[in-house]
Structures are given as C-alpha cells and as structure tokens.
Protein chains: 2
Amino acid sequence: MSRSPAPRRRATLASLAAELKVSRTTVSNAYNRPDQLSAELRERVLSTAKALGYPGPDPVARSLRTRKAGAVGLVITEPLNYSFRDPAALDFVAGLAESCEAVGQGLLLVAVGPDRSVSDGSAAVLAAGVDGFVVYSASDDDPYLPAILERHLPVVVVDQPRDVPGVSRVCIDDRAAMRRLTEHVLELGHREIGLLTMRLGREWPDAGPAPAIADPQRVRSPHFHVQSERIRGVRDAMTAAGLDPASLTVVESYEHLPSSGGAGADAALAANPRITALMCTADVLALSAMDHLRARGVYVPGSMTVTGFDGVPEALQRGLTTVVQPSVEKGRRAGELLHDPPRSGLPVIEVLDTEVMRGRTSGPPA
Amino acid sequence: MSRSPAPRRRATLASLAAELKVSRTTVSNAYNRPDQLSAELRERVLSTAKALGYPGPDPVARSLRTRKAGAVGLVITEPLNYSFRDPAALDFVAGLAESCEAVGQGLLLVAVGPDRSVSDGSAAVLAAGVDGFVVYSASDDDPYLPAILERHLPVVVVDQPRDVPGVSRVCIDDRAAMRRLTEHVLELGHREIGLLTMRLGREWPDAGPAPAIADPQRVRSPHFHVQSERIRGVRDAMTAAGLDPASLTVVESYEHLPSSGGAGADAALAANPRITALMCTADVLALSAMDHLRARGVYVPGSMTVTGFDGVPEALQRGLTTVVQPSVEKGRRAGELLHDPPRSGLPVIEVLDTEVMRGRTSGPPA
DNA sequence: ATGAAAGCGCTAACAT
DNA sequence: ATGTTAGCGCTTTCAT
C-alpha cells in the first residue's frame, strides 16, 4: 500500500475546491448529495480528493454545522470492573451497541470512573460530543446526572435513577419479580432466609470490603433502588405468607468479586445458622455462593437452597433457580428510545418482562 | 430538582457574554483559564450561566477549534456478539477503556458491524470524531483499514493486521506460545492431534456454519494471521519432534458459539478417530469441547487431552491447560501508545509475554 | 484583566 | 447543475 506523502497542510474541502476550481458547495455535494452534480464531475472531485489525501469532510466540522454528533454517550457510574465483569451489565451494553450499530451511530463510553473525581467526571460528561445519553446508574443520587441534564440532550435512563422528570426509562419490575421468586422458595417450605445483595448505597459504612449485615436503615435507603426493590419483593412475599419480614437476614457486599458471594454466604450463616435458603440479588453472587458452599460440603439444594437474579448464561446452564430478565433487550430498547423517541414527545417508562426460572438449586429445606 | 425552563434558543457562549456585557473571551476564560480573570467576575459568569441553563462550551465547537476530540475510536471488525461474548476480547476492551479513563478520554465504539456494507462502515469510520484509532481486527485484509489510514490520525493496531507501515502494534508471539504448549502435549506422548480454530479467513467456504475440516490452502492463508500463527506453532513443535505436520487435523469453526467447540470436536474425531489430544486456539472453544466430550462419556484428561488459548478466568478456574495471554494489558498498552506515543515518533511493536499453563486437562494418551 | 478580530472546516439557504 | 453568502460556537493571538 503506497501512501502518497500527506501534503504539509492537511487538505480541506475548501482547498480541494480551489484545486478543482469549483465551489465548496460542489465538493460538499459530491460527498453528501451525489444527485446534485453530474456523475462525471463527482468522479473528478473524488479522484482528486484521493490524490490529495483528502479523507472526506471533517466529522467535527460537519457535526458543528449539522448539530449531529453521530454518537450516543453511555454513562455508567459503576467501576469498569463491574460493567465489564457482570454478564448482565455486559448484555445490556451489547444490546445498546447493537441498536446503535443498526442506525449507524457510534457508542461513546464516557470516562466517568470511580477513580476520577466527580468534577472530572462531570467535565467528561460535558465534553462528550454526542446526540444523547444513556444513563445506567446504580444510585438515585448519581453525581453526574445534574451535568447530563444540563446539556438538554435526549436522555434515557436504565433501571435507575427513577423519577427524573421528562426522561424516558427502561426497566423491569424488580419488586414483583423478586416476590414471585420468593413465593416459590416459601412454597418449598423455607422459613429462614438469607438475602445477599450488592451494596445499597454509594457510600460504604466502614473500612474493608468484606460483606456485612446490612443496616436496616440502609435497606430502606432509596439510593440504590434496584437492590432495595428486590429486597422489598422478598418481604412482600414473606408478609403475605405470614412471616415476619424483619427475620430476613440481609447481607450487603461491596464489590462484584468472584469471592463476594461466598463471603456473603458466610456472613449470613454466621448471623443466622438456621438459614435454609440463600437468595441473591445477582446470579454472580449466587454462583459464587454455590461454589463456596459446595467446597465446604454443603450440598445445593439438599442442604441449602440458592437463588439468583438476572438469568446470565452460566446460571441457566448450571440450573440456577433465578429470575430471567431481558438484559440485551434493555440495552436495545434504550437505544431505540434515543434513536426514535415516541412521537408524542412525552417520556415513556417501559417495563420489560421477567420470568421466574425454577432450576435445580431450590428444593425443600433439609 | 427544579429545572428552569430552557430558553427558546439555546444559550451560547456569545449570548452569555452579551447578557453579561463582557467579551466572549472573558466567558471562555472563565471556563478554560480561571487565572485570567478575577475570581469575582468568574463567579458572576458561572452563576449567570447556571441561571441561563448554559452547560458550558459546546464540545463540538471546541473540538473544531482545538482540533482535539477527547475520544479514541475502537474499530472491531468482528460481529458484536463476538466482541462481547469472548472474555478475552472483553478483557482487551476493558483494558483499553481503563487507559482511556485514566487520561479522561472517551472510548468510541465505532459502528462497524459485519451486517453493514463496507461503504456504510467506512462512512462510520470516516464520521467518527476521534483523536486516534485502535484497530482490533481479525484479518489482514480488513476492509476498513484503508479508510482509517486515510484520516491520517494516530493508529494503534492490536494483534492484526500486521505490516501496516508507520503504525504501532501490540501483540503476543502466538507462534512461539503455541509451540511451547504443543511441546508440552507431545512430551506427554500424544502423536495424533486435532486442532480446533476459529475461521481462517473473512469468507467462509460454503453454506452452513458447521465446523469443517480446514482446506490446507486456507491454513496457509495469511489473512487471519493470529490463527495461522498458532497453527504454525503446532507444526513447528511437531516437526521438531519428528512428526509429520501434515498429519495434524485442523478444524475451522465459523462462529464463536457455545456449541462451536463441541461440534468442532466431533468433526475432528470423525476425520481422525485416533486423535488423543484436542488443541484449541481459544479457551471458549476448548471449554465447549470439554463439556461436549464429558456429556458423551469421554473423560478429560483420561481419554482425551484438551488445551486452550487465552487464559480466561473460567479456563483457569477449571484447570484448563492453556496459554495465558495478558489481554487486559494489551488493551491498556494500546491506549497508552495512543495517548503518549514514543518520543521518537517511530512506530513500535510491543510483544507482550505469555505463559504456558499446565492444568488438569492434559495427560498421557489413554 | 479584558476586548476585538480572525478563523477552525463545514453545510444550508438562497441565488443563478 | 453550480456558485455565493452566512453562519454553526468556540478559542486564540494580539491589543488595550
């Protein structure tokens, strides 16, 4: 591939027009409105462009003029090692990417890591050249949301935060799904239940990432809505079955580590050794807990029932009893809502369906 | 959160300046050079901005002026369901994202699916507002590469394509790594080997995605360098051990499906029932093959040795004998090479280290 | 410390 | 079918 040496000064549409002794419009048309000039002239323009090493209209200048960036921004507040490690989050990104690809839009991962200060992250949000944002956030008090809203661009929220006025949202009914799953567990005869969840707020009570019994006040905290809705679903079912929801042992894990589920299981069983069912708010937690239990000779479901949430491939393959949610579809719908918003102009809230999957990890208590 | 109604016409830096009766420069300085004006004036600018709903300088206009986009483009030619399903590819993306995040750059996933026509894809490549590209491609004759090079932006290639003049590359020594792994297999006493690989060229010989014995000519095809280098490594070791490399049974899979490995194993064993070792060019293939074999009562490593490539978490956890490559580091280095290129201005080729991991899936032939 | 003027490279009206 | 004119919103010399 012999690349001719680039000219000292990069070619522009104007320089190309000058070279060809035609107007800039004509060159622009050669790229954007082929029907506006003779095929012959167009050919001449394009070949001269190639000769001059002109790659076509500058995307940034074009964006400025057309007010279209050709990309949507994805803001994920959680650490990268969460988004890229949790299969459910990943499926969501894949779905979103797919819908962007379908309409030729790029997907910009906005640099908003937890290692960056909030002001840095907000700066990144403000600096993103995009036509709209998808916000996939774990907390209702997301620090970047104000900056995003400031930009007056189309925004679609996934799962959280809720109640952002004027903004569309794609989600599932976490509470109802978890309630149905819990009903299944209760029907099997379980009465002492442990619940393993991701952390319930952006802050973490004290030093050390070890899972810990959750403060009841945190459980009611509205910041991590998804988690608390799922907990609420468990309580709903317990109350309906005549159990005291306060007897539920809730353990909170700080991180999405491979070991989180196992450590959480230990914490729950230490707090209440009579637990016969361990329900988890994520499959990764449940799978980790199962591995840990099995390594210690606790059989599932013989000695312990374990359930998850999400329906990730590994969970389904291993027969985990769980709630299957359409993660890919979530991403896809979020993208579609951004690409062609409802004609009404009004924000919509789309609640996608979930399914309780009775697997091989739930059975009667020992 | 009470958002004041956005003014009919969006506020700009100029309108803000007019409102404040100061020059545009001053407003610009308030955002970009806080030391160039009194704290008092700056405060006045910022608060008026907030009142007017001005979110700060428009990123696109700023990019046009400063010639900096604040993002790098990632071009992956493979289908999305590959990039987001293969843990090794994912680790690479995570590493790249991490390095971008560290310098406050966004990561733009350029919409270049296989479903899009090349001209569409080129359009997407040409339309991306980025400061540079990372190309993660499966073939040397990548159709988008010419368009990318046209743009005269910094480019870093990962693994492939090779021999792009003037472009830095991050890779591993696939051939040597596979040779070392094969030496281990041969030392165990295996003589009849099957090799499962991803497809070797962009085109696929005939209809149907079923894995098939690879045409020897395709095996020598240079388009999918990574795959063919790995095959070459196997042959190197065979030749050195006095075996005929032509006796190697090579099976090519079209897709990265969960079933690909199993189907590939069947194809290999059908072609040569005396095979005692199944080497795979990806862990996902090997794990799939193992599951399939086990389901059919073939014990690993008792009746069949299975090896992989990549060192993905599940493989390590399950004790797969494989080559561990630093996928995350690959992404990180690619990003770093883009963010601060070598002072010399010359392209570099970084060959990262790999390690042969002897696991529990390789043993003497039955 | 603040302002005036000149573009960055392009596209969209509106002519011709 | 092609050209003219006017910005998109911003930063950056260079003056004051």
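Order of the sequence lines sets the chain letters (A, B, ...), proteins ahead of strands, with each chain counted from 1.
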Using atom [atom1] of [X] as one end and atom [atom2] of [N] as the other, report the distance to the nearest whole Å.
| X | N | atom1 | atom2 | answer |
| --- | --- | --- | --- | --- |
| B:Q36 | D:dA15 | CD | C1' | 14 Å |
| B:L13 | D:dG9 | CG | P | 11 Å |
| B:R65 | C:dA6 | CZ | C1' | 8 Å |
| B:N29 | D:dC14 | CG | C1' | 14 Å |
| B:L16 | D:dT11 | CG | P | 12 Å |
| B:L41 | C:dG3 | CG | P | 8 Å |
| A:R62 | D:dG9 | CZ | P | 18 Å |
| A:L126 | D:dC10 | CG | C1' | 15 Å |

Can you figure out which of [options] approaches the side chain of [X] most closely?
| X | options | result |
| --- | --- | --- |
| B:P57 | C:dC10, D:dT11, D:dT4 | D:dT11 |
| B:T25 | D:dC10, D:dT12, C:dC10 | D:dT12 |
| A:S38 | D:dT2, D:dC10, C:dC10 | D:dT2 |

Would one find a side-chain N or O of [X] under 4.0 angstrom from OP1 or OP2 of [N]?
| X | N | result |
| --- | --- | --- |
| B:Y54 | D:dC10 | yes |
| B:R33 | C:dA1 | no |
| B:R10 | D:dC8 | no |
| A:S28 | C:dT11 | yes |

For the pair [X] (side chain) and [Y] (backbone), establish whether a donor and an acceptor sit closer than 3.5 Å, ignoring hydrogens and angles.
| X | Y | result |
| --- | --- | --- |
| A:Q160 | A:H225 | yes |
| A:R151 | A:V125 | yes |
| B:S47 | B:E43 | yes |
| B:S139 | B:F224 | no |

Does [X] reach a base, just sugar-phosphate, or nothing at all? Heavy atoms under 4.0 Å.
| X | value |
| --- | --- |
| B:R24 | base |
| A:V60 | nothing |
| B:L37 | sugar-phosphate |
| A:T12 | sugar-phosphate |
| A:T26 | sugar-phosphate |

Hey, which sits more toward the 5' end of DNA chain C by its nearest nucleotide, B:A61 or B:V22?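 With B:V22 and B:A61 compared, the 5'-side residue is B:V22.
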Under a 3.5 Å cutoff, is there a donor and acceptor pairing between the side chains of A:S137 and A:D142? yes
With a 4.5 Å cut-off on side-chain heavy atoms, are A:V110 and A:Y144 touching?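 Counting from C-beta outward, A:Y144 and A:V110 never come under 4.5 Å.
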